[in-house]
Amino acid sequence: MTDSATRFVPAHPPRPETFGPWWSGFFGERARNSVAGWSKLAFEQWHVRRRMMRLVIHFPRHPDAVERVLLTNAANYQKPRIIKKLLMPMLGRGLLTADGELWRSQRKVVAPSFAPGAVARLAGTMAGAAERQMADWPTSGRIDIAHAATETTMRIIADALFSDDARLTTAEASRHITAALEAAGAARLSALFGLNPLPITRSVRVGQRGRRYLRETLTSIVRERGPEGGDDFLGGMIRDLNARFPPAEATMLAIDNAATFYLAGHETTANALAWAIYLLAGDQRAQDRARNEALAAVAGDPATLADRLPYLRQVLDETLRLYPPAPRFDREAVAADMLHGEPVGPGDLVSIWPWLIHRHRQLWDDADAFDPERFAPGREAARHRFQYIPFGAGPRTCVGARFAIVEALVILTHWLSARRFALVEGHTVELHGSVTLRPKGGLPVMVSAI
Ligand code: HEM
């Protein structure tokens with residue numbers, strides 16, 4: 001482990017002594033930013049239960065409680081109806097929003113495309129996109145790594161899953177997706193209270209336009225393919241859905257899942273990449289070690305690259321701990337239950353926050369410090385399996401986890417092999433929590449030749 005005096009402690013929002021009253025979530029910074037305003041206690045207590053009008057919300061942080069919700073009693077915890085209602089216009093009844101038999105059938109359809117062998121075959125595509133992105137960078141100067149990461153992962157998802165359809169890679173597409181995600185995050189609180197987000201603010205209107213663009217574009221793409229689909233992820237999915245569902249339903253589900261995978265598949269990894277570069281820019285010793293490993297590995301077969309990067313994998317794991325790209329996810333209890341000694345009623349919401357659990361004082365030493373050694377081989381025995389959940393866990397665990405890990409490792413290897421990264425003096429990094437956790441206003445870093 002690095003000496004604690006020299007460890008890099010990266011940015012996080014200020015922590016007041018107490019959490020504001022429930023209605024403060026509707027106003028000011030807490031309404032705009034889901035990771036703002038959490039008190040010191042939020043990172044020390046095991047369970048908080050809040051009543052918001054008629055709604056009861058639990059925030060369990062003990063890993064035993066998380067394990068019960070996500071694994072041992074997962075059948076009792078469904079995707080909340082209100083969140084489904086919120087996401088339905090964008091994602092329909094696709095994998096992320098479905099429950100029960102509809103979810104199970106869809107998971108069977110897509111799971112083989114994300115198995116390790118299938119992902120390994122995409123590593124060359126990922127490496128090509130990482131290299132192409134660097135063509136725009138100065139040899140020495142300032143770049144926005146968050147923007148670069150989003151462009152790269154967007155190109156990869158369009159290429160790997162949709163055979164590089166140009167309609168999904170334009171700057172316009174990128175703007176629309178960001179706006180649609182932003183509006184979905186902002187609408188969450190109103191959805192919790194059954195209020196519809198009214199088109200009164202500019203960002204809600206822009207978000208709705210973004211959602212329409214995405215749905216219309218993907219509808220055209222799916223309809224043009226026809227029932228035979230074509231020779232890629234989307235094509236395979238169209239054919240498998242047609243084998244299981246009546247034609248009209250299969251087409252709808254293909255569109256819903258195209259939207260689901262396009263959205264879930266690039267913003268999250270883009271954020272992981274940007275945060276990883278930020279952390280390495282703040283810790284030059286870790287960066288040098290990661291670069292040496294990257295330089296030794298980069299020339300070999302891309303299909304096995306991700307398996308030759310043990311230290312970079314530790315860096316990535318630590319990045320996903322400090323900045324979980326999905327900072328929260330929610331469930332609704334079907335029947336009464338107990339979570340680590342706390343009673344939960346039917347209909348209660350259970351909100352799982354990797355953002356809080358990954359920095360919990362009772363679970364992690366020096367929890368806010370960047371220390372990839374936490375994930376060194378052999379150290380996992382000292383951890384509860386459910387105190388580290390960047391990809392969720394149990395049956396609803398992220399189906400794209402392997403894709404994301406390989407993608408992040410391949411891109412980081414190529415970038416680290418070509419450039420040195422440093423923090424921008426005088427720039428304060430701020431966080432913005434919504435559906436995803438991203439750096440507010442981008443993330444400038446300095447690059448130079450190695
Ligand atoms: C670092 C990157 C990523 C992170 C941190 C992440 C995180 C997560 C989390 C936490 C969940 C579970 C949500 C819940 O239980 O409610 C999830 C589910 C999901 N993710 Fe990811 N994800 C990432 C990348 C990807 C990629 C690359 C894809 C696809 C290409 C993807 C597709 C999905 C889908 C479809 C689900 C729903 C699975 C189901 O319900 O069966 N994700 N992700």
Side-chain angles (χ1 to χ4, degrees), residues 66-67 69-71 74 77-80 83-84 87 90-111 113-115 118-119 122 125-126 149-150 152-154 156-162 168 181 232-234 237 253 256-276 313 316-332 349-355 357-358 386 388-412 435-438:
V66 176
E67 180 169 14
V69 174
L70 298 181
L71 183 66
Y77 294 96
Q78 306 241 314
K79 296 276 171 148
I83 302 283
K84 281 190 210 169
L87 292 176
M90 191 149 68
L91 305 181
R93 296 182 305 142
L95 189 64
L96 197 71
T97 35
D99 269 312
E101 201 38 52
L102 182 62
W103 166 74
R104 233 181 310 281
S105 313
Q106 297 187 73
R107 183 104 187 181
K108 277 191 199 134
V109 165
V110 298
S113 301
F114 293 96
V119 172
L122 298 170
T125 300
M126 294 166 175
T150 303
T152 313
T153 56
M154 185 176 259
I156 290 171
I157 206 84
D159 199 347
L161 304 189
F162 305 103
L168 298 175
L181 273 177
D232 58 2
F233 166 80
L234 180 62
M237 186 170 75
L253 289 174
D256 293 345
N257 279 304
T260 299
F261 280 93
Y262 186 61
L263 279 185
H266 82 273
E267 252 272 328
T268 39
T269 319
N271 288 315
L273 278 169
W275 291 121
R313 176 65 198 263
L316 180 63
D317 289 346
E318 176 69 340
T319 303
L320 297 175
R321 180 186 75 83
L322 283 168
Y323 297 109
R328 74 179 275 179
F329 41 91
D330 303 276
R331 296 290 189 270
E332 180 176 338
L349 282 192
V350 177
S351 196
I352 309 261
W353 280 78
W355 169 251
I357 297 164
H358 287 185
F386 287 79
Y388 180 66
I389 46 165
F391 293 105
R396 302 299 297 247
T397 194
C398 176
V399 74
R402 181 72 194 162
F403 184 104
I405 289 167
V406 170
E407 181 181 26
L409 291 176
V410 167
I411 296 171
L412 286 171
V435 177
T436 57
L437 177 60
R438 22 177 231 271

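Predicted, not measured: the structure shown is a model, and the values here were computed from it. Position 1 is the first residue of the sequence; numbering continues from there. We count ligands from 1, going down the list as the structure has it; atoms in each ligand are counted the same way. Scope of the values below: all heavy atoms of this structure, side chains included, with no hydrogens, waters or symmetry mates.
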Atom 35 (C) of ligand 1: of Phe261, Phe329, Phe114, Tyr323, the nearest heavy atom sits on Phe261

State the atoms of ligand 1, each with its element, that fall below the 4.0 Å cut-off from a heavy-atom position in Ile157.
-> 30 (C)

Measure the shortest side-chain to side-chain distance between Val119 and Ile405 over non-hydrogen atoms and say whether it is less than 4.5 angstrom.
-> no

Numbered atoms and elements of ligand 1 in range of Trp103, under 4.0 angstrom, heavy atoms | 39 (C), 40 (O), 41 (O)

the protein heavy atom lying closest to atom 34 (C) of ligand 1 turns out to be Val399 CG1, 3.9 Å

Asp99 pairs by salt bridge (charged side-chain N to carboxylate O under 4.0 Å, His left out) with which of Arg104, Lys84, Arg107?
-> Lys84

When you look for heavy atoms under 4.0 Å from ligand 1, do you find them on the side chain of Phe391, its backbone, both, or neither?
-> both

Against heavy atoms of Pro325, which atoms of ligand 1 measure under 4.0 Å?
-> 5 (C)

Where on Asp330 is there a heavy atom closer than 4.0 Å to ligand 1, on the side chain, on the backbone, on both, or on neither?
-> neither

Contact check: Thr397 vs ligand 1, nitrogen or oxygen atoms, below 3.5 angstrom = no

Check each of Gly392, Pro390, Ala111, Gly400 against atom 7 (C) of ligand 1 and report the one with the nearest heavy atom.
-> Pro390

Proximal candidate to atom 16 (O) of ligand 1 [heavy atom criterion; set Arg331, Gln106, Arg107] = Arg331

Heavy-atom distance under 4.5 Å between the side chains of Val110 and Met237, does that happen here?
-> yes

Proximal atoms of ligand 1 relative to Phe403 (non-hydrogen, under 4.0 Å) | 27 (C)

Among Ala408, Ala326, Gly265, which residue places a heavy atom closest to atom 27 (C) of ligand 1?
-> Gly265

For Ala404, take its heavy atoms, then give the atoms of ligand 1 lying under 4.0 Å from any of them.
-> 1 (C), 2 (C), 24 (C)

Could you check atom 12 (C) of ligand 1 against the protein and tell me its nearest heavy-atom contact, residue, atom and distance included?
-> Arg396 O, 3.7 Å

Should the ring pair Phe261 and Phe114 be called parallel, tilted or perpendicular, given that the plane angle runs from 0 to 90° and is split at 30 and 60?
-> parallel

Are Arg321 and Asp317 close enough for a salt bridge, meaning some N to O gap below 4.0 Å?
-> no

What are the two closest heavy atoms between Leu273 and Ala149, and how far apart are they?
-> CB-CB, 3.9 Å

Indicate yes or no for a side-chain donor-acceptor contact from Gln106 to the backbone of Arg93 under 3.5 Å, with no hydrogens or angles considered.
-> yes

For atom 32 (C) of ligand 1, grab the closest protein heavy atom and report residue, atom and distance to one decimal in Å.
-> Ala264 CB, 3.6 Å

What do you reckon, are the aromatic ring centroids of Phe391 and Phe329 less than 6.0 Å apart?
-> no

Which protein heavy atom lies closest to atom 21 (Fe) of ligand 1, and at what distance to 0.1 Å?
-> Cys398 SG, 2.3 Å

Kindly say whether Leu437 contributes a backbone atom to a donor-acceptor pair with the side chain of Trp355 at under 3.5 angstrom?
-> no

Identify, for atom 24 (C) of ligand 1, the protein heavy atom at the shortest distance, and state residue, atom and that distance.
-> Thr268 OG1, 3.4 Å

Does even one non-hydrogen atom of Ile389 get within less than 4.0 Å of ligand 1?
-> no

Taking the side chain from Ser113 and the backbone from Ala118, do they hold a donor-acceptor pair closer than 3.5 Å?
-> no

Using heavy atoms and a threshold below 4.0 Å, how should the contact between Lys79 and ligand 1 be classified: side chain, backbone, both, or neither?
-> side chain

Does the side chain of Leu70 reach to within under 4.5 Å of the side chain of Arg396, using non-hydrogen atoms?
-> no

Can you check whether Ile389's main-chain N or O pairs, donor with acceptor, with His358's side chain at less than 3.5 Å?
-> yes

Nearest protein heavy atom with distance in Å, relative to atom 36 (C) of ligand 1 = Leu96 CD1, 3.5 Å

